[in-house]
Amino acid sequence: MENRAIKIKSKNNSQVKVDVIPGHFATNHSHVNYFIDMTSVKTSYRMAREASEEIAKAYAHSTPIDTIICLEGTEMIGAFLAEKLGHHGNGINSGNDIRVITPEANNNNQLIFRDNIQDKIADKQILLLIASVSTGKTINRSVECLKYYGGNLAGIASIFSAIDEYADIPVVSVFHIDDMPAYESKLPSECEMCRNGRKVDAIINSFGYSKI
């Protein structure tokens with residue numbers, strides 16, 4: 001499967017790259033025809049820093065941010081983003097001590113924040129940082145969590161996004177669906193590859209893939 005990988009560079013920053021593998025892949029709630037491997041962006045401090053700079057451009061001068069909520073292994077990018085917007089920024093967030101937080105998931109897969117973290121969420125301007133946005137379901141779950149704890153959704157950012165906005169809030173991404181030729185995300189019941197009898201290559205999630 002790995003020999004099918006295609007390396008794609010960000011249109012705005014050639015230092016940021018992902019490996020894209022065509023095939024038949026199953027997520028928790030959809031079937032997709034590409035696995036987008038973001039391992040290097042998440043784990044390489046140089047690439048994470050470059051990715052954070054691209055995201056920061058959208059918020060530096062227009063969006064007050066108190067807290068960055070990191071999902072799907074984006075903590076390193078979130079830390080660089082907080083530094084770029086706050087300590088080293090020259091925009092609206094300059095000088096702010098921006099918090100970087102990862103929520104827990106309980107037994108029902110609901111996102112939760114412990115008591116000692118909740119004051120960093122309530123009445124704060126929250127930037128939601130996600131690795132991949134394909135259907136918007138992760139955003140839905142996250143927004144429900146923020147509403148429960150009293151946070152205000154100020155922005156949504158991702159490494160890759162297949163959608164442009166959520167509830168009139170733009171989704172800022174380093175890579176867009178236009179960078180992935182003929183990218184498709186379908187409900188399992190609507191998957192043409194399944195209908196044609198093509199077996200699933202791997203099960204994928206934010207941690208990576210497991211071949212079948």
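- Listed by chain and number, the residues in a side chain to side chain donor-acceptor pair (under 3.5 Å) with Asn108 amount to none (sequence neighbours excluded).
- Side-chain contact between Lys84 and Glu53: present, with at least one pair of heavy atoms (C-beta onward) separated by less than 4.5 Å.
- Between Ile65 and Leu85, the closest side-chain pair of non-hydrogen atoms falls below 4.5 Å.
- Grouping the Ile, Leu, Val, Met, Phe, Trp and Tyr side chains by contacts below 4.5 angstrom, directly or via other members, places Val32 apart from Ile212.
- Applying the salt bridge (charged side-chain N to carboxylate O under 4.0 Å, His left out) rule to pairs touching residues 114-135 yields Glu104-Arg114, sequence neighbours excluded.
- Both Met47 and Ile55 are part of a single hydrophobic cluster, where members link through side-chain heavy atoms under 4.5 Å apart.
- Listed by first and then second residue, the salt bridge (charged side-chain N to carboxylate O under 4.0 Å, His left out) pairs involving residues 151-180 are Lys11-Asp179 (not counting sequence neighbours).
- Partners of Asn13 by side chain to side chain donor-acceptor pair (under 3.5 Å), not counting sequence neighbours, listed by chain and number: Glu50, Glu54.
- With Arg4 contributing its side chain and Ile21 its backbone, the two residues share no donor-acceptor pair below 3.5 Å.
- How far OG of Ser210 is from CG of Asn205: 7.0 Å, rounded to the nearest 0.5 Å.
- Not counting sequence neighbours, the partners of Thr27 by the side chain to side chain donor-acceptor pair (under 3.5 Å) test are Ser30.
- Residues Gly86 and Ile98 come closest through the heavy atom pair N-CD1, 3.9 Å.
- For Ala51 against Val16, the heavy-atom pair with the smallest separation is N-CG2, 3.7 Å.
- Partners of Tyr149 under the ring pair (Phe, Tyr, Trp, His ring centres under 6.0 Å) rule, at least two apart in sequence or in another chain, are Phe113.
- Under the salt bridge (charged side-chain N to carboxylate O under 4.0 Å, His left out) criterion, the residue pairs touching residues 15-33 are Lys7-Asp19, with sequence neighbours excluded.
- The line from CD1 of Ile69 to CG of Leu146 is 6.0 Å long, rounded to the nearest 0.5 Å.
- For the pair Phe25 and His31, the minimum side-chain heavy-atom distance is 4.5 Å or more.
- Here the side chain of Asn93 pairs no donor or acceptor atom with the backbone of Asn96 at under 3.5 angstrom.
- Considering CG of Leu81 and CG of Leu127, their distance stands at 6.0 Å, rounded to 0.5 Å.
- Judged by distance alone, the side chains of Ser10 and Asn12 never bring a donor and an acceptor atom under 3.5 Å apart.
- Between Ile156 and Ile139 there is a side-chain heavy-atom pair separated by less than 4.5 Å.
- Taking OG of Ser142 as the start and CD1 of Ile130 as the end, the distance is 5.0 Å to the nearest 0.5 Å.
- Under the 4.5 Å side-chain criterion, counting only non-hydrogen atoms from C-beta, Ile112 is not in contact with Pro103.
- The hydrophobic cluster containing Tyr59 also contains Leu129, counting ILVMFWY residues as joined when their side-chain heavy atoms lie under 4.5 angstrom apart, directly or transitively.
- Atom-to-atom distance recorded for Lys186:NZ and Cys191:SG is 9.0 Å, nearest 0.5 angstrom.
- Listed here is the closest heavy atom pair of Asn33 and Glu184: OD1-N, 2.8 Å.
- Annotation: the span from Asp37 atom CG to Ile8 atom CD1 amounts to 12.0 Å, rounded to 0.5 Å.
- A pairwise comparison of heavy atoms in Ala48 and Ile77 identifies CB-CG1, 3.8 Å as the closest pair.
- Side-chain atoms of Val143 and Leu153, non-hydrogen and from C-beta on, do get closer than 4.5 Å to each other.
- Applying the side chain to side chain donor-acceptor pair (under 3.5 Å) rule to Tyr209 yields the partners Glu2; only residues at least two apart in sequence or on another chain are considered.
- Here ring-ring contact (aromatic ring centres under 6.0 Å, His included) pairs that include residues 166-187, with residues two or more places apart or in two chains, are Phe160-Tyr183.
- Closest of all the heavy-atom pairs between Ser52 and Phe80 is OG-CB, 3.2 Å.
- Inter-residue side-chain proximity for Val18 and Val174 is flagged as unmet; no heavy-atom pair is nearer than 4.5 Å.
- Between Cys70 and Ile68, some side-chain heavy-atom pair lies under the 4.5 Å cut-off.
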Check: residues 194-202 side-chain donor-acceptor pairs under 3.5 Å, at least two apart:
residue	atom	partner	partner atom	Å
Arg195	NH2	Ser189	O	3.3
Asn196	ND2	Glu192	O	3.2
Asp201	OD2	His24	N	2.8

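- The same ILVMFWY cluster, assembled from side-chain heavy atoms under 4.5 Å apart, contains both Val133 and Ile126.
- The stretch residues 61-76 participates, sequence neighbours left out, in these side chain to side chain donor-acceptor pair (under 3.5 Å) pairs: Glu75-Thr102.
- Judged as a salt bridge (charged side-chain N to carboxylate O under 4.0 Å, His left out), not a single pair has a partner in residues 132-148 (not counting sequence neighbours).
- Closest heavy-atom contact between Ser134 and His29: OG-CE1, 4.5 Å.
- Put simply, Leu71 and Val171 are part of the same group of oily side chains (I, L, V, M, F, W, Y) that touch within less than 4.5 Å, one to the next.
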